[in-house]
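By convention in this document, chain letters (A, B, ...) are assigned in the order of the sequence lines, proteins followed by strands, and residues within each chain are numbered from 1.
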Amino acid sequence: MRCAVAKRKISAYLDGALPQEEVTHLLEHLNSCEKCKKEKELLTSILEVVDFDKETEVKAPAYLFSKIQQQITEQKTVKTYFSLLNLLRLISFENPIVIRVSLVIILIISSLIGNYLGQKIIAEEPELNQEIKTVLAINMLEETPENSFTSAYSGLITINNYKQ
Amino acid sequence: MNTLKNEPDEILIRRVALFKDESAFKEIFDRYVERVFGLIYRYTGSYPETEELTQDVFLKIFNKANTFKGHSKLSTWIYRITVNVCKNYKRKKKPEIFSIEEIKNSQTEGFKLKDEIMMPDFTTPKEILDRKRKIAIIQQAIERLPPNQRVAFILSKYHGFSYAKIASVMNISISAVESLLFRAKQNLKKLLIPYREKGEI
């Protein structure tokens, strides 16, 4: 047995994990090899020190479970918050059905608004023209002779009223 | 509660998985807390961090109970979670490395961190001090092992696991365990020889 192999086997041997037939081989080698024998003794004494530490009692504090319980309760509150978020996500724009429905709604609403505005403008048109006439053309109309260039221009602006 | 005491692990974890049964969870906690706490303490060497990580482990057990499929024993599953929590943990501070002089000069109150360990009865203060020194030196040496070697070594020496069981907990082959434990011993030898030569341990 080569020493490098023996060195590895010593480790398993000390852990009690070496099969019996290999133990015999290893012990034979250790009897004939002073260096490996020393290695085994050194490791044994170091592991004895570890055994010594094994006796130190490590104890979990008694309050640990109530701390964990507290965290579980906190978790539940967070969970209900997230399930609320999930509900919102259901009606959010990530959902393709929601996207389609909302597009249709937007279309209907905008056509309604457009329709309403259009009606309003038509209804208010005479008033509007009157206003334009007052602001832009009235003076011109009064001060310019008929059939002149200026009157034709101002006539274009207030064409409807002019006709009336 | 008393009826739960006789229930096998598998029934308890199923109750946690299905009903989030807190009394079944408490029973699992009682059965495993010392093992989990002990492993993490040997790994981190710090009480506050051990407390924190133990809580993490048990929260994971509670939340992920439904992922336990019963292919392995519950203890193996819990050890696996614990080992993962240990390996994911990033040490908040460097391990304190006491020089031999510091250890020599320190009085009994010198090891604040290690002081929390409960001491068996000893007759003289000198014996207590000697014991504390030795324990501090060994624990520090173990804490300085690389993560995988440290986990394998702790499971082997402090929890009495066979190579096969370590392999199953760490999800590696038996020959990998063998090699980890070989290297762990070689490293410990290197770390501890200086103390041995000076008769500190």
Side-chain angles (χ1 to χ4, degrees), chain A residues 2-20 22-23 26 35-80 82-83, chain B residues 20 22 25-26 29-30 33-34 36-42 47 50-52 54-59 61-63 114 116-120 131-132 134-139 141-142 153 156-158 160 162-164 174 177-179 181-186 188-189 191-193 195-196 201:
Chain A
R2 279 178 29 237
C3 287
V5 179
K7 227 175 156 187
R8 289 190 159 263
K9 296 217 189 277
I10 288 169
S11 161
Y13 171 69
L14 292 177
D15 290 336
L18 200 65
Q20 193 51 50
E22 291 188 42
V23 171
L26 178 69
K35 206 178 139 211
C36 286
K37 200 177 169 189
K38 279 244 168 69
E39 166 81 6
K40 186 208 141 208
E41 276 160 11
L42 182 59
L43 280 180
T44 308
S45 68
I46 278 171
L47 291 180
E48 269 167 14
V49 183
V50 175
D51 281 340
F52 175 81
D53 173 43
K54 235 156 72 178
E55 287 164 33
T56 21
E57 205 179 334
V58 180
K59 213 153 169 35
Y63 56 78
L64 204 57
F65 189 74
S66 60
K67 267 190 157 182
I68 292 167
Q69 252 180 330
Q70 198 185 324
Q71 285 194 42
I72 288 174
T73 325
E74 276 168 25
Q75 223 171 239
K76 276 186 200 150
T77 351
V78 174
K79 266 196 189 140
T80 41
F82 275 114
S83 60
Chain B
K20 295 283 166 210
E22 284 192 26
F25 178 60
K26 170 85 166 84
F29 176 87
D30 288 342
V33 65
E34 294 304 340
V36 169
F37 194 86
L39 171 55
I40 299 176
Y41 179 75
R42 300 290 178 199
Y47 258 90
T50 304
E51 257 182 42
E52 210 175 283
T54 306
Q55 288 181 46
D56 288 354
V57 168
F58 280 98
L59 274 181
I61 293 171
F62 186 78
N63 291 332
K114 318 285 173 191
E116 296 158 56
I117 298 170
M118 287 162 53
M119 287 289 161
R131 196 182 167 81
K132 281 195 174 189
K134 277 190 189 178
I135 289 171
I137 292 166
I138 300 153
Q139 288 187 346
I142 292 172
F153 188 80
S156 160
K157 283 295 157 221
Y158 291 87
S162 69
Y163 282 19
I174 291 182
V177 173
E178 210 177 300
S179 139
L181 286 172
F182 168 70
R183 280 182 281 145
K185 287 193 199 82
Q186 293 299 316
L188 280 179
K189 190 176 79 180
L191 289 163
L192 292 175
I193 274 180
Y195 295 102
R196 242 183 88 80
I201 56 170

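- Using a 4.5 Å cut-off between heavy atoms, B:Thr50 does not touch chain A at all.
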message: Apply side chain to side chain contact (heavy atoms under 4.5 Å, CB included) to residues A:Lys54 and B:Arg42 and explain how you reach the verdict.
response: CA-CA 10 Å; A:Lys54 235 156 72 178; B:Arg42 300 290 178 199; 5.6 Å; no
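- Across all non-hydrogen atoms, the minimal contact from A:Asp53 to B:Ile135 is OD1-CG2, 3.4 Å.
- Interface residue B:Phe62: only side-chain heavy atoms are found under 4.5 Å from chain A.
- Contact count against chain A (heavy-atom pairs under 4.5 Å) is highest for B:Ile138 among B:Ile138, B:Leu188, B:Leu181.
- Interface residue B:Arg196: only side-chain heavy atoms are found under 4.5 Å from chain A.
- A distance-only check finds no donor-acceptor pair linking the side chain of B:Glu34 to the backbone of A:Lys59 [under 3.5 Å].
- Looking at A:Leu47, the atoms closer than 4.5 Å to chain B (heavy atoms on both sides) all sit in the side chain, from C-beta outward.
- Counting heavy-atom pairs closer than 4.5 Å to chain A, the top-ranked of the candidates B:Val33, B:Val177, B:Leu59 is B:Leu59.
- With a threshold of 4.5 angstrom between heavy atoms, A:Glu39 approaches chain B through side-chain atoms but not through N, CA, C or O.
- Taking NZ of A:Lys76 as the reference point, atom NZ of B:Lys20 lies at 10.0 Å (rounded to 0.5 Å).
- There is no contact between A:Lys9 and chain B, counting heavy-atom distances below 4.5 Å.
- You'll find the side chain of A:Gln69 stays beyond 4.5 Å of the side chain of B:Lys26, heavy atoms only.
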- prompt: Under the side chain to side chain contact (heavy atoms under 4.5 Å, CB included) criterion, do B:Phe58 and A:Leu64 qualify, and how do the steps go?
  reply: CA-CA 10 Å; B:Phe58 280 98; A:Leu64 204 57; 6.0 Å; no
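- The environment of A:Tyr13 atom OH is sparse: at most 12 non-hydrogen atoms of other residues, nucleotides or ligands sit within 6.0 angstrom.
- With a 4.5 Å cut-off on non-hydrogen atoms, B:Ser156 touches chain A through its side chain but not through its backbone.
- Taking each heavy atom of B:Tyr163 and A:Ala12 in turn, the nearest pair found is OH-CA, 3.4 Å.
- Taking the side chain as every heavy atom from C-beta outward, B:Ser179 and A:Arg8 approach each other to under 4.5 Å.
- Put simply, of B:Lys134, B:Lys157, B:Glu178, the one with the most heavy-atom pairs under 4.5 Å next to chain A is B:Lys157.
- Side-chain N or O atoms of B:Lys189 include none that pairs as donor or acceptor with a backbone N or O of A:Leu42 at under 3.5 Å.
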- request: List the steps and the verdict of side chain to side chain contact (heavy atoms under 4.5 Å, CB included) for B:Phe25 and A:Ile72.
  value: CA-CA 11 Å; B:Phe25 178 60; A:Ile72 288 174; 3.7 Å; yes
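- Interface remark: of the candidates B:Ile174, B:Asn63, B:Leu192, B:Asn63 forms the most heavy-atom pairs closer than 4.5 Å to chain A.
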task: Walk me through it: do B:Lys185 and A:Asp15 pass the test side chain to side chain contact (heavy atoms under 4.5 Å, CB included)?
output: CA-CA 11 Å; B:Lys185 287 193 199 82; A:Asp15 290 336; 2.7 Å; yes
